Every structure is written in structure tokens, then in C-alpha cells.
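To start, the structure under review is shown below, and the notes come after it.
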Number of protein chains: 2
Amino acid sequence: MEHELIRARFEAFLKTKSLKLTSQREAIFERAFATHEHFTAETLHRWMCDGDDSRGKTVSRATVYRTLGLLEDAGFIGSLDTGRGELLYEHLLGHEHHDHLVCIECGKIDEFRNDMIEDLQEKVALDHGFELVRHSLRLEGHCKDCIKVVKQRKAAGETSRA
Amino acid sequence: MEHELIRARFEAFLKTKSLKLTSQREAIFERAFATHEHFTAETLHRWMCDGDDSRGKTVSRATVYRTLGLLEDAGFIGSLDTGRGELLYEHLLGHEHHDHLVCIECGKIDEFRNDMIEDLQEKVALDHGFELVRHSLRLEGHCKDCIKVVKQRKAAGETSRA
DNA sequence: GTATATGCAAACTGTTTGCAGGTGA
DNA sequence: TCACCTGCAAACAGTTTGCATATAC
């Protein structure tokens, strides 16, 4: 989806909700859609404070959290939890639904979509009398690059716990 | 699996790790395996303080967290995040691997197992060069009982945000 | 003009940690 | 005995909130 179009939708959304188009909301929105990575609220805040954004507009932490919540409610961005007490965001518009592969070694995140899994989930929900609203599927393991590292470490003799 | 057997495994585990069988660890272990519900560290702590446990042994919050971590590392219990900054535990022994259906209305948690989904996950990981270590799949929606409630609410006129 | 936003700092939640004293093997 | 544990309270991270001030419409 074109950036212009997404931007227009954002403005329309604010209008219909009688929310104001403030410079902060604009900056946060732009920054969130400028990246194709996943990011935490904290990361986004840092990006904006560090002037990594050309506009150099700084925004308070509170506003970042508030605005991300807003964007999520509106469906512009989605969140997935890292499994360790943090929320990762990603923009959704212009992006098909997908699930994630997370490398537990280096943190890399890959995306995938598998329609067969999606269909089976629907079926499972149905069988249990559930009306499926959303799902979160996270596959965790070692990515291509880390598999060797992990193997080497094992070969070098275990010193790990558990 | 028999309780006695699980208990024996727990003691064996402690022994092999040179960990001590303290009254606190014993009490936490027993309490965790006495329930078939999912629970948070906080909940378990409350259960124990409230003397809901016949032994009335109280244990500090810190020890509850430490012991649950221990039990998780050892594979006695598993954790799933609620999606909102809390960890839910469940005991694993005598319990096949399964995934969860969560009602976003009443919080009810159902379990399911679908081998086809499991296989497809392996396939996806393989296709991406990942070595799969674990996964977390959470289906969220409205359970049988809540579907009506939600419908009624909708019929009664939307007052919700977003 | 006024409802809505913002920034700040303080509050909150779930969890972890340092340390002095206690306890199981 | 002595390494390992515990309880406490303080520290932490991520996030939310109350309130006075600022701003979009």
C-alpha cells in the first residue's frame, strides 16, 4: 500500500474519532511506518530522541506509549510479545497477515505465512466452540546462522545449566 | 503420571543438581502439582499465604519466583505468556504437549493438540533454515459461553472504543 | 474557546537481586 | 561444617496515570 494512502487513512481515522492531528502523533506515525523492522515502544522513543529521524521532533515516552496504543487499536500496527515482558510492534497496513520465527540465539525475526496452518486453527476453534478473533503463533529456534554457533558451543563442552 | 512418581523425579532432579530439598521447595512443588489450572507466580504465592494449602506453609514471593524458574528449567512446569505482561504456569508431567485457546472475554483457557499443525510448523521452520526448539501458539477468541454475551452487547448498541 | 493532547514525574505491576542470617546434607 | 537457601527490602524494566499546561480545531 502506498505511503500516501496509509497516511490519508490515518488522518481519516483521527477525524472520525475526533482526535487531533498533533505534530507528535504525526511524527510517531511517520517513524513507525518508516521502518520495516519490529520495534518496541522504548526503541521508537530512542529513535525519535536521537534525532535519527530527520525532523528531530522529540516526543515524550508517555506520548509514544499512548500513540502506539492508539495505532494498535485502530489496526495500523500490531504487537507481538517477545515472551519476556516486552511488546514488539510492526506496522500492518500494506503487509499481509503473517506469523513469526524467532531466533533464540541472535533475536532475528523472520516472517511466514502458511494458509494450511491458518485453516487448521479455524477448524480447531470451531471444534471447541470458539469464535476465533486472532491468534499468535511464534516458532522459536535457531536460525540458519546460529545453528553452527550452537553446535560448536555444544562440541566445545557443555557448561550450561539445566 | 502418578503423583508419587512425579514427586520422586523431583527429588531425583534436586539430587543430581546438588540442590536441597527444602520445606519451601516441597510446598511450592506440591501446590503447583495439586492444581490442574493455570496459575501465575503471584496466584501461587497467594494460595500459599492464604493457607489455602492445608500445610499452611508460607513462602516468600522471591522463593516462589525462584522455585518456579527452577521447575521450568527442569521441565516440570511450562509457561505461557498471557499476552499482557504476566507468565502463566502449568504443570507438564503427565500432560501431553498442547496449545491453548484463550477466551478474551472471560479468560477461560482450553487446551488442544493438533498434530497436523505441529508437523506444518516443523516444515515451515525447515523451509526457513530454522532448527525448531519450541513454539507458542495461542488462539484467542470468544468461548462458547461468551459468544452470546458478545452478541447481545453488540445488539444492545455499540458503545465501545476503536 | 474548549475539548483534547502533551510532558513530566510519580505510581504501578511483575519480576529479579544483594545481602545477612538460616538450614539441609 | 558449609554450601546452598531463604526472606526481606530495595532495585528493575516496561508501562500507565494524574495533573497542570499547551494546542488543534
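Everything quoted here is computed from the prediction, not taken from an experiment. Letters go in sequence order (proteins before strands), and every chain restarts at 1.
- Between the side chain of T35(B) and the main chain of A32(B), no donor-acceptor pair closer than 3.5 Å is present.
- Side-chain atoms of R25(B) come within 3.5 Å of backbone N or O of K20(B) as a donor-acceptor pair.
- At a threshold of 4.0 angstrom between heavy atoms, the contacts of R25(B) are confined to the sugar-phosphate backbone, with no base atom among them.
- Nearest-nucleotide assignment on DNA chain C puts the 5′-proximal partner with A62(B), out of L21(B) and A62(B).
- One interatomic measurement links the two molecules: NZ of K15(B) to C1' of dA25(C), which rounds to 10 Å at whole-angstrom precision.
- For dA24(D), neither phosphate oxygen OP1 nor OP2 lies less than 4.0 angstrom from any side-chain nitrogen or oxygen of Q24(A).
- The CG-P distance, from L19(A) to dT23(D), rounds to 19 Å in whole Å.
- Atom pair D81(A):CG and dT15(C):C1' shows a separation of 16 Å (rounding to whole Å applied).
- With rounding to whole Å, K17(B) atom NZ is found 13 Å from dC4(D) atom P.
- Take the nearest nucleotide of DNA chain C for A41(B) and for T22(A): the residue whose nucleotide is more 5' is T22(A).
- Note: H97(B) and H135(B) meet the aromatic proximity criterion, with ring centroids under 6.0 Å apart.
- Distance, F39(B) CZ to dT15(C) P: 12 Å, rounded to whole Å.
- Of the side-chain N and O atoms in Y65(B), none sit less than 4.0 angstrom from OP1 or OP2 of dT16(C).
- In this entry the distance linking CG of L87(B) with C1' of dG14(C) reads 10 Å, nearest Å.
- Between dT6(C) and S60(A), no contact under 4.0 Å exists linking OP1 or OP2 to a side-chain N or O.
- Screening I6(A), L5(A), I77(A) against L93(A) for a side-chain contact (heavy atoms from CB on, under 4.5 Å) leaves a single residue, I6(A).
- Counting distance only, with no hydrogens placed and no angle test, the side-chain atoms of R61(B) and the base atoms of dG14(C) include no donor-acceptor pair under 3.5 Å.
- Checked against a 6.0 Å centroid threshold, the rings of F13(B) and F76(B) count as neighbours.
- E42(A) has its CD atom 9 Å from the C1' atom of dT15(D), to the nearest Å.
- Where S18(B) and V59(B) meet DNA chain D, the nucleotide closest to each residue was compared, and S18(B) sits on the side nearer the 5' end.
- Look at NZ on K20(B): it is 9 Å from P on dG24(C), rounded to the nearest Å.
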